[in-house]
S.K.: 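Input: one structure, supplied below.
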Amino acid sequence: MTTVGESLIRLLEAQGVDTVFGIPGVHTVELYRGLTGSGIRHVTPRHEQGAGFMADGFARASGKPGVAFVITGPGLTNTLTAMAQARADSVPMLVVSGVNARATLGKGLGHLHELPDQRGLAAKVALRAFRVESPEELQPAVEEAFAAMTAARPGPVHIEIPTDVMALPAAPPRPPAAPPSPASEPPREKIAQAAALLENAKRPLILAGGGAKHAAKAVQALAERLGAPVALTTNARGLLHAHPLGVPASPSFKAVRALAAESDAVLALGTEFGPTDFDMYGDGGWTFPENLVRVDVDAEQLARRPAAVAIPADAALAVQALLEALGGARQGRNAGEEGERRAARARAAARLELSPAMQRQLEAVEAIRDALPNSLIVGDSTQPVYAANLFYDHDRPGGWFNAATGYGALGFGLPAAIGAQLALPDASVVCLSGDGGLQFVLAELGAALDADAPVITVVWNNRGYREIEESMRGAGVEPVGVSPQPPDFSAIAAAYGMGSERVETVQALPDALHRAKKTGRPALIELLMP
């Protein structure tokens, strides 16, 4: 016999989990009993929100669910922000927490870490929230949790285990249930309708969202077959890098909206049409095309926006089915050339829509990309990230992600970068953060060192919340609260035993990145802005 806590570790191993992020506490000691001797690595952040963001970054980089262990009460509430970000961005994350003993729940007796309804609180954010009230309920809960995270649209799931259940004897886990069936084939009649619309279009367009980032080759093949420009939302950047049909620009831009308006058929792949991609400036200028074909793995999401043809399917499967239905080689060269001309006009016009300040900010992001090709750049909410979310061509599918769209949690960058680095230890991983955002999570520099995660943190130091200050001035509001004094980041890095340097120009950034990369250790580069 094993305990429930030990059985949990075995069940996670059976699901392919090799890393968990967490901070142990008196309410989760029994969950840690089985970690020693297991194949699971435990990484200790400095704050439970960091545990959640690390799990998020691990999941985005690896494609597998990230896992966090947190304590009852404040451990879970500290992690809710990260869960909400994962929910907004469709990231699979499992949060396992303790909860007080079964007989005390909901009675308000003042127990340590007590919440009125912890499971109910988590259920407002998670896809599913489970409570394991007996040893027999553990394995079904774990298997249902992984099914929920990996079937259809991913997101966070929560499992809580009462403190009086963790140490109970449990029978060894049964062989795991069969994994969920692979995504079903897209409906043939819908594919046929979509193929007919796209085949007959003279000016087709593809809108690619984050749901298509795992289908890069298929999307490129379809774009070339149709001669269709491909406009990329933030989470799709990296598809069609430097390709003549690629348009790595936000649909909030007039140029991309004009491209959509002139198109006589639009195929939208894995995008929810969220305002932070399609209406960043809140001007209501995006309009849905008449001949819109939507592909989304979430049927509920499809029902929220109008479409001439709605295909409930995984983007990769749908694109492959469309290629088969269309058949043949690429359309005539004239169609391909026209598509490339349309894409080139949109790219050029979109980049010109960036303000001069944003042009300079974008140069910093491009300098990182060019200095460390095929890297992952994990952003926080900071000016160069905002600029690049509007226009930026990354060179690796899934290699550009941040929390500056959707939920928009500040402090995401560094812990998410650590998670991504641990998921892909051979990759170059750069955290791009502002001085304000990094102060949310400064202590996670220590976690990077503990975990031997050679993340390079680039700090865009403009001494405050400059973006918010400019927004306040633009609204005629006297700026208040936007100038928190930044610390001496190099001194803090030195206090952790981490190498650092300061640079004052974007032109000096590539050499600094190369020096940091050669150390093979976590490093910090402070880019001082006027």
Side-chain angles (χ1 to χ4, degrees), residues 183-212 215-233 236 239-240 243-247 249 251 255-273 277-278 286-343 345-346:
S184 58
E185 291 296 318
R188 292 185 180 181
E189 70 281 3
K190 298 285 189 181
I191 292 293
Q193 293 172 24
L197 272 177
L198 295 168
E199 184 72 286
N200 293 327
K202 295 181 179 179
R203 298 176 304 282
L205 171 68
I206 297 173
L207 292 173
K217 291 183 179 179
V219 171
Q220 178 175 325
L222 181 60
E224 292 174 350
R225 167 64 180 80
L226 296 169
V230 182
L232 306 168
T233 68
L239 275 70
L240 278 80
H243 193 285
L245 289 171
V247 183
V256 179
R257 291 173 174 182
L259 181 64
E262 73 178 20
S263 300
D264 51 0
V266 177
L267 171 64
L269 299 170
T271 175
E272 65 180 1
F273 290 97
D277 275 313
F278 286 80
W286 171 263
T287 57
F288 285 89
E290 183 176 345
N291 283 340
L292 175 63
V293 178
R294 285 197 69 190
V295 176
D296 200 291
V297 73
D298 185 355
E300 291 184 4
Q301 187 58 248
L302 285 176
R304 295 181 183 127
R305 306 287 187 185
V309 182
I311 304 174
D314 174 80
L317 292 177
V319 171
Q320 189 59 46
L322 284 169
L323 283 166
E324 293 170 2
L326 289 164
R330 180 178 178 169
Q331 285 187 7
R333 183 61 194 163
N334 289 340
E337 289 177 348
E338 175 58 19
E340 291 174 6
R341 283 193 292 269
R342 294 172 63 214
R345 287 195 301 268

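For the single chain, residues carry numbers from 1 onward in sequence order. Note that the structure is a prediction, hence the values are computed from the model and not measured. Reckoned from all heavy atoms, side chains included, excluding hydrogens, waters and symmetry mates.
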S.K.: Is Glu324 paired with Arg188 through a side-chain N to carboxylate O contact shorter than 4.0 Å?
M.R.: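 Salt bridge absent between Arg188 and Glu324.
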S.K.: Verify the distance criterion only: is there a donor paired with an acceptor across the side chains of Gln193 and Glu189 at less than 3.5 Å?
M.R.: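 No.
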S.K.: Who are the side chain to side chain contact (heavy atoms under 4.5 Å, CB included) partners of Ala325, not counting sequence neighbours?
M.R.: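 Testing Ala325 for side chain to side chain contact (heavy atoms under 4.5 Å, CB included), a comparison that skips the adjacent residues, returns Ile191, Ala195.
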S.K.: Once side chain to side chain contact (heavy atoms under 4.5 Å, CB included) is applied, do any residues pair with Glu290, and if so which ones, sequence neighbours excluded?
M.R.: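 Glu290 satisfies side chain to side chain contact (heavy atoms under 4.5 Å, CB included) with no residue once adjacent residues are dropped.
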S.K.: Pick from Leu205, Leu222, Leu207: which one makes a side chain to side chain contact (heavy atoms under 4.5 Å, CB included) with Leu267?
M.R.: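 Checked Leu205, Leu222, Leu207 against Leu267; only one passes side chain to side chain contact (heavy atoms under 4.5 Å, CB included): Leu222.
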S.K.: Run the side-chain donor-acceptor check on residues 300-307: report pairs under 3.5 Å with partners two or more places apart or on a different chain.
M.R.:
from   : atom 1 : to     : atom 2 : distance (Å)
Arg305 : NE     : Glu272 : O      : 3.4
Arg305 : NH2    : Phe273 : O      : 3.4

S.K.: Nearest 0.5 Å, please: how far is CD in Glu224 from CD in Gln220?
M.R.: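 Between Gln220 CD and Glu224 CD, I get 4.5 Å after rounding to 0.5 Å.
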S.K.: To check you understand the geometry: which heavy-atom pair defines the closest contact between Pro186 and Ala321, and what is its length?
M.R.: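 Distance-wise, the nearest heavy atoms are CG-CB, 4.3 Å.
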S.K.: Taking all atoms of both residues into account, what is the closest heavy-atom pair of Gly211 and Ala315, and its distance?
M.R.: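 Heavy-atom minimum between the residues: O-CB, 3.4 Å.
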S.K.: For Ala208 and Leu239, which heavy atoms make the closest approach, and how far apart are they?
M.R.: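 In terms of heavy atoms, the two residues are closest at CB-CD2, 4.4 Å.
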S.K.: Picking from Thr271, Leu259, Val256, Leu232, what satisfies side chain to side chain contact (heavy atoms under 4.5 Å, CB included) with Pro251?
M.R.: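 Considering Thr271, Leu259, Val256, Leu232, a side chain to side chain contact (heavy atoms under 4.5 Å, CB included) with Pro251 is found only for Val256.
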S.K.: When you measure from the side chain of Asn291 to the backbone of Asp264, do you find a donor-acceptor pair of N or O atoms at a distance under 3.5 Å?
M.R.: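 At least one qualifying donor-acceptor pair exists.
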S.K.: Counting C-beta onward and ignoring hydrogens, is there a side-chain heavy-atom pair between Ser263 and Arg342 closer than 4.5 Å?
M.R.: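 Side-chain contact under 4.5 Å: yes.
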S.K.: So which heavy atom on Ala265 is nearest to which on Leu198, and how close?
M.R.: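 It is CB-CD2, 4.2 Å.
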S.K.: Report yes if the side chains of Leu323 and Arg225 come closer than 4.5 Å at any heavy-atom pair, otherwise no.
M.R.: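 In short, these two side chains touch, coming nearer than 4.5 Å.
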S.K.: Go through Arg294 and Val309 one step at a time and tell me if the side-chain contact (heavy atoms from CB on, under 4.5 Å) criterion holds.
M.R.: CA-CA 6 Å; Arg294 285 197 69 190; Val309 182; over 6 Å; no
S.K.: What's the verdict on side-chain contact (heavy atoms from CB on, under 4.5 Å) for Val247 and Val230, showing C-alpha distance, side-chain angles and the deciding distance?
M.R.: CA-CA 6 Å; Val247 183; Val230 182; over 6 Å; no
S.K.: How about Asp296 and Pro312: do any of their side-chain heavy atoms sit closer than 4.5 Å?
M.R.: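 Sidechains of Pro312 and Asp296: no contact.
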S.K.: Kindly give the heavy-atom pair with the smallest separation between Ala194 and Leu322, and that separation in Å.
M.R.: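 Looking at all heavy atoms of both residues, the shortest contact is CB-CD2, 3.8 Å.
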S.K.: Return the CD to NZ distance between Glu262 and Lys202, rounded to the nearest 0.5 Å.
M.R.: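 It is 14.0 Å, given to the nearest 0.5 Å.
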S.K.: For side-chain contact (heavy atoms from CB on, under 4.5 Å), just list the numbers for Phe278 and Thr233, CA-CA rounded to whole Å, side-chain angles, deciding distance to a tenth of an Å, and then say yes or no.
M.R.: CA-CA 8 Å; Phe278 286 80; Thr233 68; 3.9 Å; yes
S.K.: Any idea which heavy atoms bring Ala223 and Leu240 closest together, and the distance?
M.R.: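 So the minimum-distance heavy-atom pair works out to CB-CD2, 4.4 Å.
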